[in-house]
There are 2 protein chains.
Amino acid sequence: MMTERKLATLLRREGYKVTPQRRAILKIVTETHDHLTPAALYERVQKAQPHIGLVTIYRTIQILEQLGLICEMHAERTSRSYLLKRASEHHHHIVCSGCGTVTDVTHCELEKLQEQLAKETGFEIDGHILEFFGYCRQCQRLKAE
Amino acid sequence: MMTERKLATLLRREGYKVTPQRRAILKIVTETHDHLTPAALYERVQKAQPHIGLVTIYRTIQILEQLGLICEMHAERTSRSYLLKRASEHHHHIVCSGCGTVTDVTHCELEKLQEQLAKETGFEIDGHILEFFGYCRQCQRLKAE
DNA sequence: CTGGGTGCAAAGTGTTTGCACCGTG
DNA sequence: CACGGTGCAAACACTTTGCACCCAG
């Protein structure tokens, strides 16, 4: 389980300072189970740190991404969106179109397909993005009402 | 094989007018084997239609997307990017990180995995995005030099 | 000849950068 | 107390919209 505290330690270890603003960002990021756009993260962090700037959000996201602590989501068209990396191994996501909740898919069996495709196409394949979307249990119920 | 002419017919059939600008766009789209950002498409179309506006590119892309004639790519971060839909069935892409060439992956075997995930997670999964990237034969050679 | 299409300019979004001041380590 | 971090404003990049004129059907 990744906590605000652990993230702070990791940042410090990498030579980054841990400021109240960053602490507030880390808190929201660890507590949130849906993917966050910079704007959404900003809105939530503002409740704890009213004077924080959106710029700080962008800069902190960039650091967290570089350190591999958050994942970028791909399905969103309008803005980037991120999620705390909960699994350390290679994994994918199922995103709820209703509430945005993200569930990890840790068993990715694409290596075989990838090898097969490499043979067929001559490509040297070095990665893939995969994302599922649909409705989580709760949102299915809401839809049905 | 999708041609400029076939696309024009489809547009007309849907009640859209076929103008010289649109014709030029359709030509580039059918001839191109790498994915195109609006800006890249603009640049290429300008050679045939020097006075075309970027806005026309955006509006035509929107129509083609609505009619399901082009696919949107997901891996690009900075700008949207599109590709002529060559296979009519559900399929995915392998994108070359060197030259941008896109190869179709028509045998997508994710339905099984998707069903399994649905059972495990309780999600009602109604879609996925999948994209491979790597280097095509030619770009592998160039890298090796 | 009419309604959709075009191109310009301008406005709207999302993101990045320059710079002076601030506060962590 | 030095140097990275912050916040403001401004710049930047991409996309959309308003409007007058144009041309395909």
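Order of the sequence lines fixes the chain letters, A, B, ..., with proteins taken first and strands second; residue numbering starts at 1 for each chain.
Side chains of A:F133 and B:I129 form a contact here, defined as non-hydrogen atoms less than 4.5 Å apart. Residues A:L10 and A:M2 are in side-chain contact: their nearest non-hydrogen atoms beyond the backbone lie under 4.5 Å apart.
The hydrophobic cluster analysis finds A:M1 isolated: no Ile, Leu, Val, Met, Phe, Trp or Tyr side chain comes under 4.5 Å of it, directly or through other members. Cluster note: A:V102 groups with A:M73, A:L83, A:V95 through ILVMFWY side-chain heavy atoms spaced under 4.5 Å, whether in direct contact or through intervening members. In the hydrophobic clustering (ILVMFWY side chains linked at under 4.5 Å, chained through shared members), A:L130 is joined by A:I94, A:V105, A:L110, A:L113, A:L117, A:F123, A:I125, A:F132, B:I94, B:V105, B:L110, B:L113, B:L117, B:F123, B:I125, B:L130, B:F132.
Side-chain N/O atoms of A:R23 include none lying less than 4.0 angstrom from OP1 or OP2 on D:dG5.
Residues meeting the salt bridge (Lys or Arg N to Asp or Glu O under 4.0 Å) test with B:R23, sequence neighbours left out: none. B:E109 pairs by the salt bridge (Lys or Arg N to Asp or Glu O under 4.0 Å) definition with nothing, not counting sequence neighbours.
Nucleotides of DNA chain D nearest to B:T78 and B:P20 differ in position, and the one nearer the 5' end is that of B:T78.
Within residues 5-17 of chain A, the residues having any heavy atom closer than 4.0 Å to DNA chain D are, in order of number, A:Y16, A:K17. DNA chain C lies under 4.0 Å from at least one heavy atom of each of the following residues of residues 47-74 of chain B: B:H51, B:I52, B:G53, B:V55, B:T56, B:R59. For DNA chain D, none of the residues of residues 29-42 of chain A falls under the heavy-atom distance limit of 4.0 Å.
Fit an axis to the five pairs at each end of the helix from C:dC1-D:dG25 to C:dG25-D:dC1 and the two axes sit 40° apart, to the nearest 10 degrees.
Of the possible polar contacts, none joining the A:E76 side chain to the A:S81 backbone as a donor-acceptor pair under 3.5 Å is found. Side-chain atoms of B:T30 come within 3.5 Å of backbone atoms of B:K27 as a donor-acceptor pair (strictly under, hydrogens ignored).
Using a cut-off of 4.0 Å between Lys/Arg side-chain N and Asp/Glu carboxylate O, B:R77 and A:E65 are scored as salt-bridged. In summary, B:R44 and B:D34 engage in a salt bridge, as defined by a charged side-chain N under 4.0 Å from a carboxylate O.
Around CD of B:E120, the count of heavy atoms belonging to other residues, nucleotides or ligands within 6.0 Å exceeds 12.
Extent of DNA chain C lying under 4.0 Å from chain B heavy atoms, first and last nucleotide in 5' to 3' order, is C:dG3 to C:dA9.
To the nearest 0.5 Å, the span separating CG on B:L7 from CG on B:L84 amounts to 6.0 Å.
Pairs engaging residues 23-45 of chain B under the ring-ring contact (aromatic ring centres under 6.0 Å, His included) rule: none recorded [sequence neighbours left out]. Sorted by first and then second residue, the pairs that involve residues 78-104 of chain A and meet ring-ring contact (aromatic ring centres under 6.0 Å, His included), not counting sequence neighbours, are A:H90-A:H92, A:H90-A:H128, A:H91-A:H93, A:H92-A:H128.
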